[in-house]
Undergrad: 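Structure incoming, see below.
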Amino acid sequence: MNTQTNFDLVLFGATGDLAMRKLLPCLYQAHAAGLLNPEGRILGVSRSKLDTAEFLKKVESDSKIHIKQNFTEALWDSFVKRIQYLTVDVTQKADFDELAKLVKARQNTENVIVYLSTAPTFFAQACENLADVGLNGENVRIVLEKPLGTDLKSSQEINADVAKYFKESQVYRIDHYLGKESLQNLIPLRFGNVFFEPVWNNRFVKSVQITIAEQLGVEERGEFYDATGALRDMVQNHIIQMLCFTAMERPKTLAGDDVRDEKMKVLKALKPFTSADVDANVVRAQYTATESQPGYLQEHNVPAGSRTETYVAIKAEIDNERWKGVPFYLRTGKRMAGKTAEIVLNFREDTAGLFPNTPNRLVISLQPQETVSARVFMKQPGNGMNVVAAEMSIDLAKEIEGRRAEAYELLLREVIDGRVNLFNRRDELEAAWEWVMPIMENWAQSAIPPHGYAASSWGPKEAQALLAKDGNAWLEDQ
């Protein structure tokens with residue numbers, strides 16, 4: 001879809017890692033594909049005392065290297081002509097006066113997008129100063145980069161601060177997983193194919209698994225990660241979004257709040273945890289050293305004796321008509337045996353049918369490849385009617401033509417065009433925090449340290465046992 005709205009994109013934190021590594025390269029790709037209005041402008045702002053020429057030198061050295069495809073010098077030269085820079089300290093009202101003058105000097109700007117790629121501690125002051133200079137009108141959209149809080153209380157405080165100056169319809173909370181084509185594809189896969197939706201329920205589905213696994217450890221992010229952990233870093237946002245897309249009911253339309261309304265119903269139906277539930281249905285662990293790889297406690301800037309989890313597995317339940325009785329197994333971890341993000345539906349066996357012990361399975365992979373694979377059973381050649389398992393697989397990148405944009409590019413274009421359904425609404429975000437809070441509170445009070453799992457394995461034995469007690473197994477063990 002062409003994004004031809006004439007815009008100003010004000011990028012706070014423009015000299016930071018996210019801007020240089022992701023946001024500017026993604027904007028370049030949209031520009032190179034002809035999907036941005038030719039007059040659209042990018043205003044980089046940060047505390048660094050630079051002029052536009054000096055900022056562009058930094059973009060040349062720090063951002064250009066992250067553009068891996070569709071690059072030509074001519075396209076690059078035309079792209080950087082969009083960029084201006086202004087020194088803005090979030091705490092200095094006078095700097096916002098200068099920003100407002102620069103934005104309002106352009107009469108033909110249709111929408112102003114303010115992207116706060118800063119620490120959330122600056123959100124409240126930035127929003128107040130933007131409002132004081134009139135940069136919170138109906139044509140202004142504000143983008144909030146995660147993490148939006150560290151718990152329910154802090155998330156509510158951030159949302160309340162932003163809401164003083166911006167309507168909910170103006171606020172776009174980024175979760176880059178919502179920009180993944182393969183996750184969005186769940187909607188047409190489920191509701192656009194008559195043979196999936198009738199069996200997408202507890203009559204036919206035995207269990208659901210949702211996994212985000214990373215091969216890398218915490219690397220140089222030990223200090224940040226130790227204050228965050230896998231539950232906050234992955235479960236509260238990315239995995240819950242995958243869960244909602246998998247479990248939600250058919251939305252009335254694909255526009256406005258209809259999709260977000262259905263996701264919110266899933267969040268409300270998630271069975272809340274008691275402390276005893278956490279003990280029985282949640283596993284936390286840290287990766288431990290092997291001969292070739294360090295353990296979490298040996299990583300740079302990780303304090304001795306840290307109990308921060310690098311792995312979590314959860315048995316969740318959705319208490320509604322469609323999913324009652326179906327366990328949803330959620331897991332994420334660092335330094336695991338492979339890099340993957342996938343959704344697995346394990347179907348019930350037809351024990352009374354002609355072919356017992358033939359459980360079907362559907363695997364929807366978001367990364368590293370975007371594929372949909374079904375395990376079906378076929379006749380084995382020869383006499384008799386013996387059957388064997390076979391895989392039917394669709395590689396979305398090969399089967400469906402068209403340029404596949406990175407998640408951030410797609411989401412930036414959605415903001416420019418004012419489409420909200422790929423962004424977290426306030427009630428969604430707070431409901432997700434509310435659901436994980438009993439886990440966080442249990443861990444804070446528990447004297448039991450995290451379990452261990454060997455680096456480059458699929459996790460601790462306790463996570464295998466979590467499924468085994470229900471007669472289930474993780475995908476790699478099936």
Side-chain angles (χ1 to χ4, degrees), residues 1 177-211 241-267 269 316-329 341-367 369-379 387-402 404 410 419 421-422 472 475 478:
M1 183 176 293
Y177 259 69
L178 289 174
K180 289 183 176 291
E181 297 275 11
S182 46
L183 181 60
Q184 295 170 40
N185 193 54
L186 271 169
I187 294 178
L189 180 74
R190 289 185 55 189
F191 304 116
N193 297 288
V194 296
F195 45 83
F196 278 129
E197 183 58 15
V199 298
W200 207 279
N201 55 60
N202 55 10
R203 285 183 57 212
F204 296 94
V205 177
K206 182 183 179 185
S207 69
V208 179
Q209 298 176 19
I210 298 175
T211 297
Q241 289 299 326
M242 293 168 70
L243 169 68
C244 287
F245 269 75
T246 304
M248 72 181 187
E249 297 297 322
R250 181 185 183 276
K252 295 176 183 177
T253 73
L254 299 177
D257 275 319
D258 287 343
V259 172
R260 302 200 293 187
D261 287 343
E262 294 305 329
K263 290 196 295 172
M264 187 62 197
K265 291 176 185 177
V266 174
L267 291 167
E317 297 177 65
I318 299 174
D319 192 10
N320 64 16
E321 184 178 354
R322 180 185 290 265
W323 295 114
K324 191 174 184 65
V326 176
F328 280 70
Y329 301 110
E342 64 192 10
I343 300 159
V344 181
L345 278 74
N346 290 301
F347 291 89
R348 299 185 187 279
E349 298 177 38
D350 183 8
T351 55
L354 292 174
F355 301 101
N357 302 316
T358 54
N360 299 117
R361 182 179 68 205
L362 185 69
V363 179
I364 301 152
S365 177
L366 280 63
Q367 65 181 32
Q369 284 81 39
E370 297 181 1
T371 59
V372 178
S373 300
R375 182 173 67 180
V376 297
F377 287 84
M378 311 295 289
K379 180 184 179 298
V387 295
V388 292
E391 291 290 330
M392 295 172 54
S393 185
I394 301 172
D395 186 325
L396 301 183
K398 292 179 180 178
E399 296 294 332
I400 303 172
E401 294 183 359
R404 306 184 78 77
L410 191 149
R419 290 186 289 271
N421 60 340
L422 294 182
N472 297 314
L475 178 61
Q478 292 179 12

Undergrad: Measure the shortest side-chain to side-chain distance between Met264 and Asp257 over non-hydrogen atoms and say whether it is less than 4.5 angstrom.
TA: no
Undergrad: For residues Leu475 and Gln209, report the shortest heavy-atom separation together with the two atoms involved.
TA: N-OE1, 3.1 Å
Undergrad: Nearest heavy-atom pair of Leu189 and Ile364: which atoms, and what distance?
TA: CD2-CD1, 3.9 Å
Undergrad: Kindly determine whether Leu362 and Val372 satisfy side chain to side chain contact (heavy atoms under 4.5 Å, CB included), including the steps that lead there.
TA: CA-CA 7 Å; Leu362 185 69; Val372 178; 3.9 Å; yes
Undergrad: Quick one: does any side-chain atom of Trp200 pair with a main-chain N or O of Arg190 as donor and acceptor, under 3.5 Å?
TA: no
Undergrad: Are any side-chain N or O atoms of Thr253 and backbone N or O atoms of Ala255, one a donor and one an acceptor, separated by less than 3.5 Å?
TA: yes
Undergrad: Can you confirm whether Glu321 is buried at CD, in the sense that more than 12 heavy atoms of other residues, nucleotides or ligands lie under 6.0 Å from that atom?
TA: no
Undergrad: Which heavy atom of Val326 sits nearest to which heavy atom of Ser207, and what is that distance?
TA: CG1-CA, 3.9 Å
Undergrad: Compare all side-chain heavy atoms of Leu183 with those of Leu178 and state whether any distance is below 4.5 angstrom.
TA: yes
Undergrad: What's the spacing between Arg375 CZ and Arg361 CZ if we round to 0.5 Å?
TA: 4.0 Å
Undergrad: Looking only at atom types and distance, does a side-chain atom of Asp395 sit under 3.5 Å from a main-chain N or O of Ala397, one as donor and one as acceptor?
TA: yes
Undergrad: For a quick test of reading the model, state the closest non-hydrogen atom pair linking Phe191 to Pro251 and the distance between them.
TA: CE1-CD, 4.0 Å
Undergrad: Going by salt bridge (Lys or Arg N to Asp or Glu O under 4.0 Å), name the residues that satisfy it together with Glu317, two or more places apart in sequence or in a different chain.
TA: Lys271
Undergrad: Might you point out which heavy atoms bring Ala247 and Ile318 nearest each other, and give the distance in Å?
TA: CB-CD1, 3.6 Å
Undergrad: Determine the minimum heavy-atom distance between Lys206 and Pro327, stating which atoms define it.
TA: O-CD, 3.3 Å
Undergrad: As an exercise, state the distance from SG of Cys244 to CZ of Arg260, rounded to the nearest 0.5 Å.
TA: 12.5 Å
Undergrad: To the nearest 0.5 Å, tell me how far Leu254 CG sits from Asp258 CG.
TA: 8.5 Å
Undergrad: Find the distance between CD (Glu370) and NZ (Lys398) and round it off to the nearest 0.5 Å.
TA: 13.0 Å
Undergrad: CD of Gln184 to CG of Leu422: how many Å apart, nearest 0.5 Å?
TA: 4.5 Å
Undergrad: Is the number of heavy atoms from other residues, nucleotides or ligands under 6.0 Å of Lys324 NZ greater than 12?
TA: no
Undergrad: Is the backbone N or O of Pro359 less than 3.5 Å from a side-chain atom of Asn346, with the two atoms forming a donor-acceptor pair by type?
TA: no
Undergrad: Go through Arg322 and Glu197 one step at a time and tell me if the salt bridge (charged side-chain N to carboxylate O under 4.0 Å, His left out) criterion holds.
TA: CA-CA 11 Å; Arg322 180 185 290 265; Glu197 183 58 15; 2.6 Å; yes
Undergrad: Step by step, work out the side chain to side chain contact (heavy atoms under 4.5 Å, CB included) result for Val387 and Thr358.
TA: CA-CA 9 Å; Val387 295; Thr358 54; 3.9 Å; yes
Undergrad: For Arg203 and Arg348, run side chain to side chain contact (heavy atoms under 4.5 Å, CB included): C-alpha distance rounded to whole Å, both residues' side-chain angles, the deciding distance at 0.1 Å, then the answer.
TA: CA-CA 8 Å; Arg203 285 183 57 212; Arg348 299 185 187 279; over 6 Å; no
Undergrad: Would you give the length of the straight line joining atom CD of Gln241 to atom NZ of Lys180, rounded to the nearest 0.5 angstrom?
TA: 13.0 Å
Undergrad: Between Ile343 and Leu186, is a side chain to side chain contact (heavy atoms under 4.5 Å, CB included) present by the stated rule, with each step listed?
TA: CA-CA 10 Å; Ile343 300 159; Leu186 271 169; 3.5 Å; yes
